[in-house]
Structure formats: C-alpha cells, structure tokens
Protein chains: 2
Amino acid sequence: MTARSGNLKLIRAIETPLPVYYRLQEALKKKIEDGNWKPGQLIPSERLIAGEHQVSVGTVRKAVLNLVYEGYLYRIQGKGTYVAGTKLRKDSLRYYRMMEALDGGEAELEIRFIGLKEIQGFDPASALLGHPRDRTLYELRRLFLHDGAPLVYCESYLPKGIFRDFDSFPPARFEKSTLYEMIEQTYGLPCIYNHELFGAVAAHGAVAKQLGVNAGSPLLFIEMRSFTYKDRPYEFRRSYCVTGTRRVFAEI
Amino acid sequence: MTARSGNLKLIRAIETPLPVYYRLQEALKKKIEDGNWKPGQLIPSERLIAGEHQVSVGTVRKAVLNLVYEGYLYRIQGKGTYVAGTKLRKDSLRYYRMMEALDGGEAELEIRFIGLKEIQGFDPASALLGHPRDRTLYELRRLFLHDGAPLVYCESYLPKGIFRDFDSFPPARFEKSTLYEMIEQTYGLPCIYNHELFGAVAAHGAVAKQLGVNAGSPLLFIEMRSFTYKDRPYEFRRSYCVTGTRRVFAEI
DNA sequence: CGTAATTTGTACGTATGTATG
DNA sequence: TCATACATACGTACAAATTAC
C-alpha cells in the first residue's frame, strides 16, 4: 500500500485507465510530498474536494481514507482532515525502547549531545544516502543514558545539502527531542520508514570509552537508514548498544 | 486497529450502541478466532452475509474491508473472500533475512534440524507463554546455514498442551518450511505478531560449538515471543546469530 | 471458444447521526 | 443555536475477474 510496495495499479494502466479514486489519491499525495500541504495543516473538506475534482463525495472519502491508512492524513470528526507528520510514533521507535525483559517495562532514556561537525562524504554513508562522495556530510554524535549509565552511542550522517545550517543550533536542541522530531519541526521532513541491520560487534576504542565498557565486550550494532517521502533517504546512522541488563525491543 | 491496540470503540458503547458495521466486523472476527473459519477457507459472499445479518451490502463491505486491513481476510476479485493465514510474509520475517549490507541482497538459508524433546517448564519460557512451570514444553533446536556455514542457532519452546504429538513428525518436516508455516498448516494457528528483544552476547559452550565460532566472540542474541489470535503467545525462541559478514535486516 | 453466473471493485447518490466551534 | 465536517447506513448501477458450462 505504501510507495515502496506494490505497483499493481501501474500494470493496469496499460490496459484500462486508473480508477478515479486512485488518481485523486495520488494527486492528494503529491500535494503532501511536494510540500504544498505541510504536516499539521487542515486540508479542504470532502465536499470541496469533490466539487473541485468533479467527483462524488464517496470517491473523495475512499481516496482520503486510503491516505489515512497509508499514514499521510488523519481525520477528526467535526473538525476536518489534517496532514500527518512522522509515522513513527514513540511505540515503533526501536532505538528508544530499551527493556529489561520481553514482559518488562520500558526505560526512559536521556539524550546527551557529544559533537557535530562537517566531514567529507565517505562510503557506505554517501552511497546509502544516494550522494557522491565529494558532497559534505554532517556527523552528529550522541549518547543515550539510563540512570546516568550510557546505553547507546550513535553516529548520524546527514547530507549538508538538505540540512543547511544544521550546526547553527545549540546542543540542547539535540537533547530535548528525538532527531526525527527535531528534523520534522525544523525542516518539515517527516520520517516515513527505516531500514535497519542488526549485528553484534566487539567494543573497541572510542566506542568502548564512550560507553564505559571494556574493549572486546559484545555490543549490539545497528546500522540504520531513514527515509522520507518518495523513498528518499536522509539519514544514515550507526548505533552501538550495551545490552547487559536492558535490550532493544521490537514488535512486528 | 489490531486486537492489541485501541479500544476506542468500547468507550462509545457506554453512550451509544456500537455501529452496525463494527458489530458485524467483530462477529466475523470471532468466527475466525474461534476456528469456525480456518486459514485459507472461502467465506460467504457479501450478498449472502448481508442477507443473513439483514444489513446492506455496503455495510458488509466496510466490515470485511476493515478485517482485510487488519490482516484477518484477503479478497480476490471474481473469486471471493478468504481467511488469511500468518501475517508474516517472507518479507517481514526478520530471522530469515540475512543481508550483507543495507543495500545488499538477501541470503538463502538452509534449515537443519538438531533435536526435539520434551522438557519440564522453566522461567522465563513458561512465564512468557502464560503457563505454570509444571507444564511440559517442547524444546526444538535448529540451525540456519548459508553456503554450508552456520549463521543462526535457535532454541524454540512450545507448550505441549497446544502442540500435541509435535514429536511424531519426521525431522525433515522441520527443515522444509519455516516453523510458522509448519504450525499453521498442522495446527491451524497463524502467527499474528511477534515481540523481539535484541542484544549482544559473547559466544559460549554449546552455542559457540554449534555455530563454529570461538568462545567470547560477539553474537547477536534475539529473544522472541510469537502470538496468535487473541494475543495468545504460543512460542518462545532464543536465537544466536553470527553477524560477521551478513546481518539481520528489519524494515519499519 | 464464447457465454453466463458469481463475486468483488468502482462510482454514484441520498439521508441521517455525531462532534466541533 | 447553528453551520460545518466527518461517520454511518442505505441504496443502485455497471465494470472487471473468475469459473463452470
């Protein structure tokens, strides 16, 4: 149903014209993806859209409800239909769900800013972000702590071309909310989905030092790529997690 | 939208009666959860259901489509509506998606049966399965290999009460398909969702030996609980993964 | 191979209920 | 109180896919 999944409808296009509701749905989606309609904004009512596009209200409902299911819109009875922001609610943000056991509780994590600087592009970061290696990247380093003890150390890489003046913000700006939220609020780019690769590595050098563990001790290693509209990657992240008592939770 | 999420509709019940489509939806869901309609089975047509329940076809459509979105049913134009099986298509089965890199390809894994035996219940397995410790469990041990090299070793624990005669199957039965599929086909129990906990551990004893790695080398450790209808857990699994060249992929 | 019957998919319409401001 | 907007529920007609004849 999402952009990355099926293109069943496109196959039909060869034989028969696309359904009215589907063309409308894609037209509305384009408004959002192109930034004409921004997150939080109220869109026109069913009747208005129906009038503008010369279709029935039922057809508008179908198009709009599909976009609600896809996470592009949300509706409130009596008020209207709004553009949705980052799909990833706190529930599905794996990074920040550290648990003691499968039936245990969630730990509150504190974010600590370590550093932010411009660096030259490198692989695999540049390749995974779809940029040539000569484009500058921002490198953001952060630490996540629970009860004062470091649990996760992560390095994020973001294209300077997209995130202009990223280094003009005070460090506190990176410590008060998740990076997802900060980017959505500041640049209007919501996070639509992530790709993640889980592995285990032995702690080494700077990482071991930041996390306060012995070199050689096992760490959970997560490589992540975040995507916004139109399947465009905008962040590459490497995380190292201490998982002695708490571990990273996921629900599928 | 799923059973484990919101109960918004229940709040309304205090003030106003539940919508017709919703009561029908829950009635159809109950048929599936109670096993009256089994995975793969064709359910009655829209018109038939509408006649039986004395509601309009549009109302049946809404109820049925909601259950499609929830993963309980799927529809084929011209054929009918069928009861869906395990939600987890191969795409979302993390365990069997071992990749070289975030933009790399997927590795085909071979399943090898190691052993199956009855054991006495123990915690955390019994607790996580919602059974007292004196109930017998099955312990299934398997190995997943790529190009002959072991990548994943896992131990599954299943209640003997649910999986009667689980040990009467030949080992090959566990090597030809995923455990999800085997259980769905044999016991009619589809997997609806999983909970997983990711961590890193140092290889030790039997696990290190099975995976052919040195003791102390880092392994990805995954604890998993699988749920079927009505949020009932039916499997507890511990997996140890060698993630030197290939790692476990997830999409959110 | 075409035809008919069945089933879902699309598109339209109307009326009424409920929530918001 | 009232207008607005979404939610529910009913209905009809035709298109498209499948299957059996």
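None of the values given here were measured: they were computed from a predicted structure. Every chain is numbered from 1, with letters handed out A, B, ... down the list of sequences.
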ring-ring contact (aromatic ring centres under 6.0 Å, His included) partners of [X], counting only residues at least two apart:
{"X": "B/Tyr138", "answer": "B/Phe166"}
{"X": "B/Tyr74", "answer": "B/Tyr82"}
{"X": "B/Tyr187", "answer": "B/Phe163"}

Can you check the [X] [atom1] to [N] [atom2] distance for me, whole Å?
{"X": "A/Tyr22", "N": "D/dA15", "atom1": "OH", "atom2": "C1'", "answer": "19 Å"}
{"X": "A/Leu42", "N": "C/dG21", "atom1": "CG", "atom2": "C1'", "answer": "13 Å"}
{"X": "A/Leu73", "N": "D/dA5", "atom1": "CG", "atom2": "P", "answer": "16 Å"}
{"X": "B/Leu65", "N": "D/dA9", "atom1": "CG", "atom2": "C1'", "answer": "15 Å"}
{"X": "B/Leu18", "N": "C/dG17", "atom1": "CG", "atom2": "P", "answer": "18 Å"}
{"X": "B/Arg75", "N": "D/dA16", "atom1": "CZ", "atom2": "P", "answer": "18 Å"}
{"X": "A/Gln25", "N": "C/dA11", "atom1": "CD", "atom2": "P", "answer": "11 Å"}
{"X": "B/Tyr69", "N": "C/dG9", "atom1": "OH", "atom2": "P", "answer": "10 Å"}

Apply side chain to side chain contact (heavy atoms under 4.5 Å, CB included) to residues B/Leu129 and B/Leu137 and explain how you reach the verdict.
CA-CA 10 Å; B/Leu129 291 169; B/Leu137 299 176; 3.9 Å; yes
I want to check one thing: is the phosphate of D/dC6, taken as OP1 and OP2, less than 4.0 Å away from some side-chain N or O of A/Thr81?
yes
Taking distance alone, no hydrogens or angles, what donor-acceptor pairs closer than 3.5 Å link side-chain atoms of residues 34-44 of chain A to residues at least two apart or in another chain?
from    : atom 1 : to       : atom 2 : distance (Å)
A/Asp34 : OD1    : A/Lys230 : NZ     : 3.1
A/Asp34 : OD2    : A/Lys30  : NZ     : 2.7
A/Lys38 : NZ     : A/Gly35  : O      : 2.9
A/Gln41 : OE1    : A/Lys38  : N      : 3.0

Over the length of the helix from C/dG2-D/dC21 to C/dG21-D/dC2, how much do the five-pair end axes diverge, rounded to 10 degrees?
20°
Set of side chain to side chain donor-acceptor pair (under 3.5 Å) partners for B/Lys160, sequence neighbours left out:
B/Glu118
Hits for side chain to side chain donor-acceptor pair (under 3.5 Å) against A/Ser56, two or more places apart or cross-chain, chain-then-number order -> A/Thr59
Could you write out each protein N or O paired with an N or O of nucleotides 18-21 of chain D at a distance under 3.5 Å?
from   : atom 1 : to      : atom 2 : distance (Å)
D/dT19 : OP1    : B/Lys79 : NZ     : 3.2

Residues which pass side chain to side chain contact (heavy atoms under 4.5 Å, CB included) with A/Arg112, listed by chain and number, not counting sequence neighbours
A/Glu110, A/Leu143, A/Leu145, A/Glu175
Please identify each residue that fulfils side chain to side chain contact (heavy atoms under 4.5 Å, CB included) with B/Gln185, with sequence neighbours left out.
B/Arg173, B/Glu181
Does A/Arg164 count as lying over the ring of A/Phe169, i.e. NZ or CZ under 6.0 Å from the six-ring centre, within 45 degrees of the axis?
no
Within residues 43-62 of chain B, the residues having a heavy atom closer than 4.0 Å to DNA chain C are B/Ser45, B/Glu46, B/Arg61
For A/Arg232, salt bridge (Lys or Arg N to Asp or Glu O under 4.0 Å) partners two or more places apart:
none
